[in-house]
Amino acid sequence: LNKKLVYHEETPFESDQLNPVVVQNESEGCYRYFARVLNHVKVKSSPEWLRSDLIASGIRPINNVVDVTNYVMLQLGVPLHAFDRTKFETDKVVIRDAKEGEEVITLDGVKRQLTKKDVVITNGLYPVALAGVMGLENTMVDNETTSIILEAASFDPKRIGETSKRLDLRSDSSLRFERGIDETRVRMAINKAATMLYELANAEVTKEIAYTGIPYHIEVFLMACC
């Protein structure tokens, strides 16, 4: 079409409640991480247009929350993840390297053993997601979910690729992260998803986004290289 493609960042309608989540990054495998809480979420089937778009793109519709994260991933190229906030148990997100031999159960119901080369998202107590690859069963969104923690992040492509290959676990997220994503669209993606969930899940979007970047010494190195 010979037309310039311009993405406009959404500004979701926010409530007066401040986002309670605090994010802490302890891994060089995570470049940036955004998180915000959405309350009073009504989990249900997505509207037909959304279901049809996902099916046409080869993705199976699940529910409106998961479907929105997949739709935004297709639109902006940034994988997203939603945690059930009640199951999450804390309002603290800590990104760290996995412990050698640490075991988790991913969303596909398989128990997997990790190494220190893997990156995990935790609640400060235990893992809740295998970063960049797949969420875990212990914080899965289901029909009883009423509050979520929405995640948008970027990770080291090499480490995500190695984790995915070693565990023989390929996902829509890992395929994108291991090839590298557009860093400028990460915050754009979480705001787009929050806007859609406000409209399609009656979600109450908390004010402000919790954020953390890469560890300082790595950031200085990258700035020096660029």
Side-chain angles (χ1 to χ4, degrees), residues 1-13 32-36 38 40-84 106-110 121 129-137 139-146 148-155 157 160-161 163-165 167-203 205 209:
L1 299 176
N2 197 30
K3 292 184 178 180
K4 185 177 181 180
L5 183 61
V6 179
Y7 286 103
H8 297 285
E9 184 165 344
E10 301 276 356
T11 303
F13 181 81
R32 49 179 47 80
Y33 192 101
F34 295 90
R36 78 186 314 164
L38 281 71
H40 308 300
V41 176
K42 297 188 182 302
V43 179
K44 55 187 177 182
S45 294
S46 297
E48 187 59 34
W49 67 265
L50 178 52
R51 293 169 56 85
S52 297
D53 280 359
L54 291 177
I55 292 171
S57 300
I59 294 179
R60 178 174 62 89
I62 298 177
N63 57 54
N64 53 348
V65 174
V66 177
D67 292 352
V68 163
T69 64
N70 284 329
Y71 183 81
V72 174
M73 176 186 68
L74 291 172
Q75 187 178 57
L76 296 177
V78 178
L80 300 168
H81 187 69
F83 302 96
D84 183 304
T106 45
L107 284 173
D108 56 2
V110 177
I121 312 301
L130 183 54
V133 182
M134 188 174 285
L136 303 185
E137 271 193 347
T139 50
M140 178 175 61
V141 171
D142 56 34
N143 291 336
E144 304 302 315
T145 299
T146 57
I148 65 171
I149 297 176
L150 187 62
E151 163 197 291
S154 64
F155 303 101
I160 299 304
T163 293
S164 177
K165 182 177 181 179
L167 295 176
D168 192 23
L169 180 59
R170 293 286 175 138
S171 65
D172 290 311
S173 293
S174 67
L175 288 172
R176 286 164 173 80
F177 280 126
E178 67 186 43
R179 287 165 174 75
I181 65 171
D182 185 344
E183 299 286 338
T184 65
R185 296 186 190 177
V186 181
R187 191 182 71 174
M188 186 184 299
I190 196 171
N191 280 333
K192 174 66 177 179
T195 298
M196 291 187 68
L197 289 169
Y198 171 78
E199 297 169 349
L200 301 180
N202 304 110
V205 183
I209 308 173

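Because the structure is a prediction, the values reported are computed rather than measured.
- For the pair Ala189 and Val72, the tightest heavy-atom approach, listed with the atom from each and the gap, is O-CG1, 3.7 Å.
- With sequence neighbours excluded, no residue satisfies salt bridge (charged side-chain N to carboxylate O under 4.0 Å, His left out) with Asp168.
- For Tyr71, there are no side-chain hydrogen bond (donor to acceptor under 3.5 Å, both in side chains) partners, not counting sequence neighbours.
- Side-chain atoms of Thr195 and Thr11, non-hydrogen and from C-beta on, never get closer than 4.5 Å to each other.
- With values rounded to the nearest 0.5 angstrom, Ser45 atom OG is found 12.0 Å from Leu200 atom CG.
- Rounding to the nearest 0.5 angstrom, the gap separating the CG atom in Leu150 from the CG atom in Asn191 is 9.5 Å.
- For the atom pair Ile121 CD1 and Leu136 CG, the distance stands at 9.5 Å (nearest 0.5 Å).
- Residue pairs meeting the salt bridge (Lys or Arg N to Asp or Glu O under 4.0 Å) criterion with at least one member in residues 178-192, sequence neighbours excluded, are Glu9-Arg187, Glu10-Lys192, Arg32-Glu183, Arg170-Glu178, Asp182-Arg185.
- Here the side chains of Asp172 and Met73 are in contact, with some heavy-atom distance below 4.5 Å.
- Nearest approach of Ile181 to Ser154, heavy atoms of both residues: CD1-CB, 3.8 Å.
- Put simply, CG on Leu50 and CG on Asn70 are 9.0 Å apart, with the number rounded to the nearest 0.5 Å.
- Residues Glu151 and Phe34 have side chains not in contact (no heavy-atom distance under 4.5 Å, counting atoms from C-beta outward).
- Considering only residues two or more places apart in sequence or on other chains, Asn202 meets the side-chain hydrogen bond (donor to acceptor under 3.5 Å, both in side chains) condition with none of them.
- Under the 3.5 Å distance criterion, the side-chain polar atoms of Ser174 are matched with a main-chain donor or acceptor of Ser171.
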Report the C-alpha distance between Leu80 and Val68 in whole Å, list the side-chain angles of each, state the deciding distance to 0.1 Å, and finish with yes or no for side chain to side chain contact (heavy atoms under 4.5 Å, CB included).
-> CA-CA 9 Å; Leu80 300 168; Val68 163; 6.0 Å; no
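- Counting all heavy atoms, side chain and backbone alike, Ala131 lies closest to Phe155 at CB-CE2, 3.6 Å.
- At a threshold of 4.5 Å between non-hydrogen side-chain atoms, the residues Val41 and Thr146 do not count as touching.
- Across Ile148 and Ala82, no two heavy atoms sit closer than the pair CD1-CB, 4.2 Å.
- Taking the side chain as every heavy atom from C-beta outward, Val110 and Met134 never approach each other to under 4.5 Å.
- In this structure the side chain of Arg36 reaches within 4.5 angstrom of the side chain of Val205, judged on heavy atoms.
- Looking at Ile62 and Arg60, their side chains come closer than 4.5 Å, going by heavy atoms from C-beta outward.
- Note that the CG atom of Leu74 and the CD1 atom of Ile59 stand 4.0 Å from one another [nearest 0.5 Å].
- For Thr69 (side chain) and Val66 (main-chain N/O), a donor-acceptor pair under 3.5 Å exists by modelled atom type.
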Before giving the answer on side chain to side chain contact (heavy atoms under 4.5 Å, CB included), spell out for Leu107 and His81 the whole-Å C-alpha distance, their side-chain angles and the decisive distance to 0.1 Å.
-> CA-CA 12 Å; Leu107 284 173; His81 187 69; 4.1 Å; yes
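- Closest approach of Phe83 to Val141, counting heavy atoms only: C-CG2, 4.1 Å.
- Under the salt bridge (Lys or Arg N to Asp or Glu O under 4.0 Å) criterion, no residue pair touches residues 42-54, with sequence neighbours excluded.
- For the side-chain hydrogen bond (donor to acceptor under 3.5 Å, both in side chains) test, residues two or more places apart in sequence or in another chain that qualify with Asp84 are Thr145.
- For Val186 against Ala153, the heavy-atom pair with the smallest separation is CG1-N, 3.7 Å.
- Side-chain contact check for Thr139 versus Ile149: every heavy-atom pair is 4.5 Å or farther apart.
- With Ser173 contributing its side chain and Pro79 its backbone, the two residues share no donor-acceptor pair below 3.5 Å.
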Decide yes or no on side chain to side chain contact (heavy atoms under 4.5 Å, CB included) for Leu167 and Val133, but give the supporting numbers first.
-> CA-CA 10 Å; Leu167 295 176; Val133 182; 5.9 Å; no
